[in-house]
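Structure record follows, encoded as structure tokens.
Count residues from 1 along the sequence. Model, not experiment: these values are computed from the prediction.
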Amino acid sequence: MTRQYERPTDDPPVEFWPTSSIRAALETGDIAIWQRIVVAVKRDPYGRTARQVEEVLQIAAPHGVSRALNAVLERARNHLEANERVEAARHVRLLLERSGLTEPEFASRIGVSRDDLSAYLSAAISPPASLMIRMRRLSDRFAKMRAQRTRGHAREEPADEYRCE
């Protein structure tokens with residue numbers, strides 16, 4: 001027996017619906033409501049609505065829509081994780097460039113292989129948080145040393161417009 005979907009009277013966003021409303025909405029076959037749920041899941045693949053959908057699908061999978069919603073959850077989460085790896089890779093690249101070290105030097109000083117650093121830079125995998133902290137500290141130290149050297153070097157040598165380089 002299919003329960004009739006009862007849309008809340010004030011029609012709050014899907015993210016505020018109780019699990020019973022999510023379950024009822026998935027059982028009704030109303031595509032417009034499913035679309036609202038899908039949008040919420042895509043917006044926050046590990047959020048409240050996504051967790052509610054997971055719970056509903058595990059307990060009593062509504063016929064027809066369960067496979068599609070499982071696929072939406074999986075794709076949304078994979079997409080989010082890929083974007084996070086790209087963001088982490090961008091940050092690793094920034095720390096590497098800021099340090100002024102070569103990739104092999106940077107890898108050695110943070111205690112990873114060149115292949116591991118390459119995997120972080122290509123967004124194949126994300127480095128652990130502890131390693132990100134180590135990278136930042138190394139980058140900070142070398143950036144500070146370079147800045148001090150540059151300031152000290154500029155004071156030591158007055159500008160000479162006739163000097164050949």
Side-chain angles (χ1 to χ4, degrees), residues 1-104 106-107 109-140 142-143:
M1 181 170 132
T2 305
R3 274 185 269 159
Q4 194 63 9
Y5 166 69
E6 296 174 24
R7 178 178 265 177
T9 54
D10 57 353
D11 200 20
V14 174
E15 291 85 353
F16 297 107
W17 290 4
T19 303
S20 60
S21 292
I22 297 287
R23 179 179 293 108
L26 295 179
E27 291 173 349
T28 64
D30 185 346
I31 292 176
I33 299 300
W34 292 351
Q35 288 173 333
R36 289 178 63 191
I37 293 170
V38 166
V39 167
V41 167
K42 286 181 176 180
R43 186 175 21 252
D44 191 0
Y46 289 99
R48 182 173 186 262
T49 304
R51 295 296 183 188
Q52 289 173 308
V53 168
E54 267 183 328
E55 181 182 330
V56 168
L57 295 177
Q58 286 174 354
I59 295 171
H63 300 288
V65 74
S66 61
R67 187 181 292 172
L69 282 175
N70 276 321
V72 167
L73 273 169
E74 184 178 344
R75 278 196 310 269
R77 289 175 176 171
N78 289 342
H79 183 71
L80 176 68
E81 291 165 7
N83 286 342
E84 289 168 344
R85 284 192 309 274
V86 167
E87 189 174 338
R90 235 187 334 260
H91 195 69
V92 171
R93 173 73 56 199
L94 180 131
L95 293 171
L96 169 64
E97 290 171 357
R98 186 168 167 257
S99 75
L101 297 171
T102 64
E103 286 184 25
F106 192 79
R109 289 179 181 264
I110 61 171
V112 301
S113 69
R114 291 180 189 180
D115 289 343
D116 285 348
L117 179 59
S118 179
Y120 302 145
L121 290 169
S122 68
I125 58 173
S126 292
S130 58
L131 187 56
M132 291 296 294
I133 291 168
R134 192 178 316 148
M135 287 181 209
R136 184 194 44 82
R137 288 180 179 159
L138 176 69
S139 179
D140 288 350
F142 273 82

Going from [atom1] on [X] to [atom2] on [Y], what distance comes out if it is rounded to the nearest 0.5 angstrom?
X: Arg136; Y: Arg98; atom1: CZ; atom2: CZ; result: 8.5 Å
X: Glu84; Y: Leu80; atom1: CD; atom2: CG; result: 4.0 Å
X: Ile37; Y: Leu26; atom1: CD1; atom2: CG; result: 4.5 Å
X: Asn83; Y: Asn78; atom1: CG; atom2: CG; result: 11.0 Å
X: Thr19; Y: Gln52; atom1: OG1; atom2: CD; result: 3.5 Å
X: Leu131; Y: Ile110; atom1: CG; atom2: CD1; result: 4.5 Å

Which atom pair, heavy atoms only, marks the closest approach of [X] to [Y]?
X: Pro13; Y: Arg36; answer: CA-NH2, 4.3 Å
X: Ala24; Y: Thr28; answer: O-CG2, 2.9 Å
X: Ser139; Y: Ser99; answer: OG-N, 3.7 Å
X: Tyr120; Y: Pro128; answer: OH-CD, 4.1 Å
X: Ser113; Y: Asp116; answer: OG-N, 3.0 Å

Report yes if the side chains of [X] and [Y] come closer than 4.5 Å at any heavy-atom pair, otherwise no.
X: Trp17; Y: Ile33; result: yes
X: Val65; Y: Glu27; result: no
X: Glu103; Y: Leu121; result: yes
X: Leu95; Y: Leu138; result: no
X: Arg90; Y: Arg93; result: no
X: Leu117; Y: Arg114; result: no

Fill in: Atom CD of Glu81 with >12 non-hydrogen neighbours under 6.0 angstrom
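Atom CD in Glu81 is packed in, count exceeds 12.
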Worksheet item: For Tyr46, does the OH atom sit with more than 12 other heavy atoms under 6.0 Å from it, leaving out its own atoms?
Response: yes
Practice prompt. Would you confirm whether Arg77, through its side chain, and Pro45, through its main-chain N or O, come within 3.5 Å as a donor-acceptor pair?
Written response: yes
Worksheet item: Any sub-3.5 Å donor-acceptor pair from Ser122's side-chain atoms to Ser118's backbone N or O?
Response: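 Side chain of Ser122 to backbone of Ser118: a pair is present.
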Worksheet item: Thr102: what forms a side-chain hydrogen bond (donor to acceptor under 3.5 Å, both in side chains) with it, not counting sequence neighbours?
Response: Glu105
Worksheet entry | Residue pairs, two or more places apart or on separate chains, that pass salt bridge (charged side-chain N to carboxylate O under 4.0 Å, His left out) and touch residues 37-46 | Glu15-Arg43
Item to complete: State whether Glu54 and Arg51 are salt-bridged, where the test is any N-O pair (Lys NZ or Arg NE/NH1/NH2 against Asp/Glu carboxylate O) under 4.0 Å.
Response: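 Arg51 and Glu54: salt-bridged.
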Practice prompt. Just do the side chain to side chain contact (heavy atoms under 4.5 Å, CB included) check on Met132 and Val92 with the steps written out, would you?
Written response: CA-CA 8 Å; Met132 291 296 294; Val92 171; 3.7 Å; yes
